Amino acid sequence: MKSVLPILTVLAAIVVIWYGAAVGLNSKWTYDQAARAGQDVSFSQLVTDTMTQERPVLPAPHQVAKGLWEGVAGQKITSKRSLVYHGGVTFSATMAGFVLGAVAGILLAVGIVHNRAMDMSVMPWAIASQTIPILAIAPMVIVVLASLGIKGLLPKAIIAAYLSFFPILVGMVKGLRAPDGMQLDLLRTYNASGSETFWKLRLPSSMPYFFASLKVGIAAALVGTIVAELPAGATQGLGARLLSGSYYGQTIQIWAALFAAAALAAVLVIVVGAIEKVVLRKMGMAR
Amino acid sequence: MPVIEAKDLNLTFQTNDGPVHALKDVNLAIEKGEFVSFIGPSGCGKTTFLRCIAALETPTGGSLTVNGMSPDDARKARSYGYVFQAAGLYPWRTIAGNIKLPLEIMGYSRAEMDQRVEKVLDLVDLGGFGKKFPWQLSGGMQQRASIARALAFDAEILLMDEPFGALDEIVRDKLNEELLKLWKRTEKTIGFVTHSIPEAVYLSTKIVVMSPRPGRITDVIDSTLPRDERPLEIRDSAEFLAIAHRVREGLRAGHAYDE
Amino acid sequence: MPVIEAKDLNLTFQTNDGPVHALKDVNLAIEKGEFVSFIGPSGCGKTTFLRCIAALETPTGGSLTVNGMSPDDARKARSYGYVFQAAGLYPWRTIAGNIKLPLEIMGYSRAEMDQRVEKVLDLVDLGGFGKKFPWQLSGGMQQRASIARALAFDAEILLMDEPFGALDEIVRDKLNEELLKLWKRTEKTIGFVTHSIPEAVYLSTKIVVMSPRPGRITDVIDSTLPRDERPLEIRDSAEFLAIAHRVREGLRAGHAYDE
Amino acid sequence: MSALIIAIVFWVAATALNGWIARTRPNARWAKLFVPALFGATLLILWEGLVRGLNVSPVILPAPSAIAARFAESTDVLWGDFAQTILKGALAGYVIGCGAAVLVAIAIDRSPFLKRGLLPVGNFVAALPIVGIAPILVMWFGFDWQSKAAVVVMMVFFPVLVNMVAGLAATDRLQRDLMATYSASYSQTLAKLRLPAAMPFLFNGLKIATTLALIGAIVAEFFGSPTRGMGFRISTAVGQLDMPLVWSEIAVAALAGSGFFGLMALIEKAVTFWHPSQRRR
Amino acid sequence: EEVKLQLKWVTQSQFAGYYVAKEKGFYDEEGLEVTIMPGGPDISPTQVMAGGGADVTVDWMPSALAAREKGLPLVNIAQPFKSSGMMLTCLKETGIAGPEDFKGKTLGVWFGGNEYPFLSWMATLGIPTDGSEGGVTVLKQGFNVDPLLQKQAACISTMTYNEYWQVIDAGLAPEDLVTFKYEDEGVATLEDGLYVLESNLADPAFKEKMVKFVRASMKGWKYAEENPDEAAGIVLDNDESGAQTEAHQKRMMGEIAKLTAGSNGALDPADYERTVKILLGGGSDPVISAAPTGAYTLDITDEALK
Ligand SMILES: Nc1ncnc2c1ncn2[C@@H]1O[C@H](COP(=O)(O)OP(=O)(O)OP(=O)(O)O)[C@@H](O)[C@H]1O
Ligand SMILES: Nc1ncnc2c1ncn2[C@@H]1O[C@H](COP(=O)(O)OP(=O)(O)OP(=O)(O)O)[C@@H](O)[C@H]1O
Ligand SMILES: Cc1ncc(C[n+]2csc(CCO)c2C)c(N)n1
Ligand SMILES: [Mg+2]
Ligand SMILES: [Mg+2]
């Protein structure tokens, strides 16, 4: 619980800066409106107005908090207006995609580390695959999969997996190659097979890299899901919430959805971090 | 047929500032059941030679056979156990886990494993430390754990690179005796790197003296000490001292200081 | 006033399977200019004691002062140089770069650095290896590089944890002599861990014998050998052998085998 | 159908050839280029064969040959888009984002207070999905490349931060103790121990960030842009069903991304030559 | 019988007729089971059609004709929207009073197949849009009206039934704005029509299904026109994202009713000809290069409205 005070301090600092920024960014509109009405604005009017605009450039923290609160607690969780409901939709696709992506990333990394032909040929194309702007091909993927009869969670999960496998691949290749010469030599003297070397040496010593890349990968999976939620018909999920909020200029709804998404990502990253702690401690590698 | 036979063995490392001639024209034959010590100044190629035998390094010239096979085939046949110069314990495994590592790979049963771990831990006087992690042990304890790891399984050949370097005289004497007992009981062939002249003379049937830049063999001494009975007191015998003297002279010749 | 003074020093490590009493009621005073050797079975707390002096470990009881200050203040005043039991060279620096490391930190001029690196590399017989990377050196060479690193700058106190463990007799003798010369010239206070009884007796003005479980001091021997003149031949003198005998007895008592 | 069969036969043969080259001359310089090139060619031929053999509508997926033809005739459009999106948006954002992440990682590492306070909050802020922040950033920073750079900053920040924080923690005890014995100041320890030790991790992050930077810059243009840029072109071309142009842009992105990644990998090799993962091979 | 309908945009009153037909059981009466798939900024209805993801789609004629030229033979089978709801909304303070004032200004335009009417209009006016001297600066406008509120653009594209009201809701008074309806400027093109693939029309069973579909849909539209509040409520119920507000949808329904009012569902060939003419007149870079043939059929509506 040592971390409560630091987090609160940082949060307090952010909130203060945020309020300042809200006044600054939203004031233009206030002044414009006053000018149109031919009025003057006093400072106190400015402050109150900038914090209560309906479509602020930057909503004030309490406005977002209110939006979040209404989205989370103000609705039945089965309601279409509930952020919990949409978060759940996004979460399930994210997890499915993350698992797919992690498995793919790890398998490819294992292949690359153990097979020279794969090492030489796959990596450049894995890199190239990541430079394809996902938002551009997501609709095509969805269309093609839909015409194959695949709908619902899976297309989203595939796009999430596409984004999350890469950081995991890169991290794992590095991690699986991290053992030093002497550690490898030891196993050579036992004539250990490739799979034994993998399980007993490469995998354990890749753990720090493994968890660092899982954290990036799970965050990427969430982004992928949200991206995929746009062309999936923009119906359900935090992505759809973001989009429709954006489409109707409901800034506060956007920010509430944004925060819900970020909170979800943060929770996922924290969970991975907690697993990391436990695993590393079990392995005697925690400091 | 010798167990290990090197003919005109050469090894050159390519480094950022030019080649290093680590082994030059090394010729050596080691018969089954011999206990061969390698002694020589630091950097003369002892480790490199042991690594060649273990197929961890590929010679750039000459020929080398182990058990009549190429070193790599011998490695694949799990012909040897190797104790590295540095302990090289895996930090994520406990001491017992580290010792189990080769046993797991070689497919020993769980019960057999536990029993062997117990035995070798006692042998190196680490009983009760099985559950600790490597970084919780002192330097010498780590080294002993790595010796235990190599002794836990039965290999015909035992290659040991300065196994007792970080141990005090008393433990060293004790482990020397244990090693001799083990050698006699199992008739292993042992290749042993050491810096201690008395240790080399006490243990070996053959002492190989090496010299650096380029690394080469300058003397091979066949011990005249009795093979079966070597009490610690033998170290005060004239015969012992004569051999030790010859080794010392060979060693000294390899050093630049005297030139 | 003693340079290093320990009173009732205790240190207990908490580990996953219970506490380890690494140091128990250690009392010791080391005067300025003394050369103190620590000898004792593996795991008896020698490294731990040295680490306490260097403020790398915090005692759990008792008091310890270095130069009249707390160990940590002494560390901040850069009062000592430390040679670790393992070489611990940074893999991204060349050997010369590793030796320069403390010099850079302590703000030596470039010219001074180069000159010192040159000098200590020669001292440990590694001239010409400055441009190599650590993994290109043999074990003993790495250890010598780490000694060179600690000798490159001038600290009042030198703490050395088995610096010569991986070196052969000849180099060891040579470095022993060099170390004595350096000590006499600079009047440093030296704390020196070793496993070699002759080495301890040859070098020291004071020999501390330790014993394990829990780690404690069992004997402190003040050497009667002349301080100024110690030719290598002194090792055959009766006086020398007497001291060595007493150390050996103390050491033996600390081992479980005889109980 | 026969196009498909030819493609599959080619695929099998090329895979076998690649395996053979990789086994027999893994270290030849030409093999390092030839193997991935052949692999890529295989993918393209398989693609061409699939599209032709299965009569896939060009509106869904055009054949590589059609893409190549379109590419050749629109090089000036492609170049203009490349300059707008990658040279301006992605590069600026990459430099700023990675730089900021490294600095924040150091700040976090320096102060346990910040580590406990800022890392969770940082995680949170950095996890804001781009599709959500892009419209907001366009609103704040305008339509031109500045808003794209801002999106890229937010995209690359987190991966680099996480890796850098892990890297700064990746020293072993002996290495740290050595610094303690010299009573090295914080900044000295940082410069001489922690930063070098963090490099393998940092480059991990920097490499991942290269592709993220491209994605970010391109995707951000979907949410408002001037009438040039790769993302703009892609979204309008999709609307016009000009799929060969879409894939030409994607090809540019893939080439640029691979080049960028390769460049970082080269720098990594030079900087972390000492790391076991670089040393063997 | 199953019918999959791909909408051009997200669930909103713009598509009320289809939702009403579904909820009110008009489709059921015809024995149809209709799946309505909402669209969005990243969904190109034409692409969904090409991929076989839908049987029929709602699209704008310029985009459908452009797709036809690109090799995707879409055919208009019905045209529930008579008039165009598109306009350009400008801030009065920028000094824009008429189209002649556009020069040198920044205009927000929707792309992704929605840019054709604008480009044709500018071509008619002779104003370059490629950033050259004496032309306008075109911005690819995002989802919303922020560029106008933030004064990043002098004018933005709006629909009479949607974005315009968002501007008003944001707090700008109609007096602060100047609007240019495409309808008024004589450059109106046909909006929301129903399109199918030409190859499917060869199948009599499919044709039969479409006849039923159009008949039921038009019933839905006419019901929606008469009961705008109820229709908006139905749309709201069908919005899975839960983002729509009642007030906004009701007002939208009111505006939509004005656009559908003049249509019984049948395409007026005169409107078609006008649209084609405007698209062909797109200056140096026209949207379509030749007058299309077979781009519409009256068979379905003739049958449905009998
Ligand atoms: N970090 C640690 N955590 C737990 N126990 C430790 C730790 N470091 C040392 N020990 C324990 O403390 C005791 C003393 O260790 P120390 O390293 O001081 O021994 P040493 O005398 O230097 O032995 P050696 O000659 O083998 O180096 C040992 O039993 C060791 O297991
Ligand atoms: N990987 C390598 N790359 C380049 N040179 C190397 C490498 N390994 C060893 N050498 C060089 O080869 C020579 C012999 O090294 P080796 O490790 O065999 O010595 P050694 O006899 O075991 O010494 P020590 O007693 O110090 O362990 C040394 O000069 C060393 O610098
Ligand atoms: C990228 C993008 N494209 C179009 C619209 C505007 N829009 C909303 S409804 C509608 C008519 C289609 O039925 C149109 C053109 C937008 N806001 N963003
Ligand atoms: Mg060696
Ligand atoms: Mg020690």
Side-chain angles (χ1 to χ4, degrees), chain A residues 2-3 6-7 9-11 14 25 57 116-117 119-125 127-128 130-137 139-140 143-144 166-167 170-171 174 177-181 208-209 212-213 215-216 219 222-223 226-227 230 239 242-243 246 254 257-258 261-263 265-266 269-270 287, chain D residues 18-19 22-23 26 31-32 35-36 38-40 43 60-61 113-114 116-118 120-121 123-125 127-133 135-136 139-140 158-159 162-163 166 170 200-201 204 207-208 211 214-215 218-219 222 230-231 234-235 238 246 250 253-254 256-258 261 276-277 279-280:
Chain A
K2 268 187 301 184
S3 48
I7 293 184
T9 316
V10 171
L11 280 182
I14 289 179
L25 283 167
V57 176
R116 278 215 67 105
D119 179 20
M120 292 165 85
S121 50
V122 173
M123 206 51 187
W125 292 89
I127 298 160
Q130 290 302 301
T131 56
I132 297 178
I134 183 71
L135 208 60
I137 57 158
M140 298 182 227
V143 165
V144 169
F166 186 67
V170 172
K174 185 107 210 157
R177 284 190 175 141
D180 66 34
Y209 292 88
S213 43
K215 284 183 205 166
V216 176
L222 182 78
V223 171
I226 289 178
V227 166
L230 308 185
L242 272 176
L243 181 72
S246 176
I254 304 177
L258 212 49
V269 171
I270 288 170
R287 298 203 279 132
Chain D
N18 257 354
R23 248 176 292 116
K32 286 198 173 111
V35 171
L38 184 63
F39 179 79
L43 288 185
I60 292 286
L61 187 65
F113 187 81
L114 280 187
R116 284 196 227 101
L118 212 73
V121 180
N123 276 355
F124 178 87
V125 173
L128 297 170
I130 29 159
V131 283
I133 46 179
I136 293 173
M139 180 160 86
W140 289 359
F158 182 66
V162 167
N163 276 286
F201 285 82
N204 226 8
K207 284 196 291 187
I208 295 169
T211 62
L214 293 202
I215 299 184
I218 293 173
V219 165
F222 284 49
M230 300 170 74
I234 289 173
S235 61
V238 168
V246 172
I250 290 177
S258 306
F261 189 100
S277 71
R279 233 159 52 209
R280 110 190 27 266

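Everything numeric in this text was worked out from a predicted model, so none of it was measured. Lettering follows sequence order; numbering is per chain, from 1. Computation of the quantities below employed the complete heavy-atom set of this structure, encompassing side-chain atoms and omitting hydrogens, waters and symmetry-equivalent molecules.
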Original post:
Among A:Ser213, A:Pro167, A:Gly239, which residue forms the greatest number of heavy-atom pairs with chain D at distances under 4.5 Å?
Top reply: A:Pro167

Subject >> Between D:Ile218, D:Leu214, D:Val246, the one whose heavy-atom pairs under 4.5 Å with chain A are most numerous >> reply: D:Ile218

Original post:
Of the non-hydrogen atoms in D:Asn163 and A:Ala212, which two are nearest, and what is the gap between them?
Top reply: OD1-CB, 4.2 Å

Original post:
Side chains of A:Leu258 and D:Ile136: does their closest heavy-atom pair fall under 4.5 Å?
Top reply: yes

Subject >> Contact origin within D:Ile208 toward chain A - heavy atom pairs under 4.5 Å >> reply: both

**OP:** Enter the distance from A:Tyr209:OH to D:Asn204:CG here, rounded to the nearest 0.5 Å.
**Re:** 7.0 Å

Original post:
Between D:Leu61 and chain A, which part of the residue has a heavy atom less than 4.5 Å away: side chain, backbone, both or neither?
Top reply: neither

Subject >> Residue D:Ser235 versus chain A: region with a heavy atom under 4.5 Å >> reply: neither

Original post:
Where on A:Val216 is there a heavy atom nearer than 4.5 Å to chain D: the side chain, the backbone, both, or neither?
Top reply: both

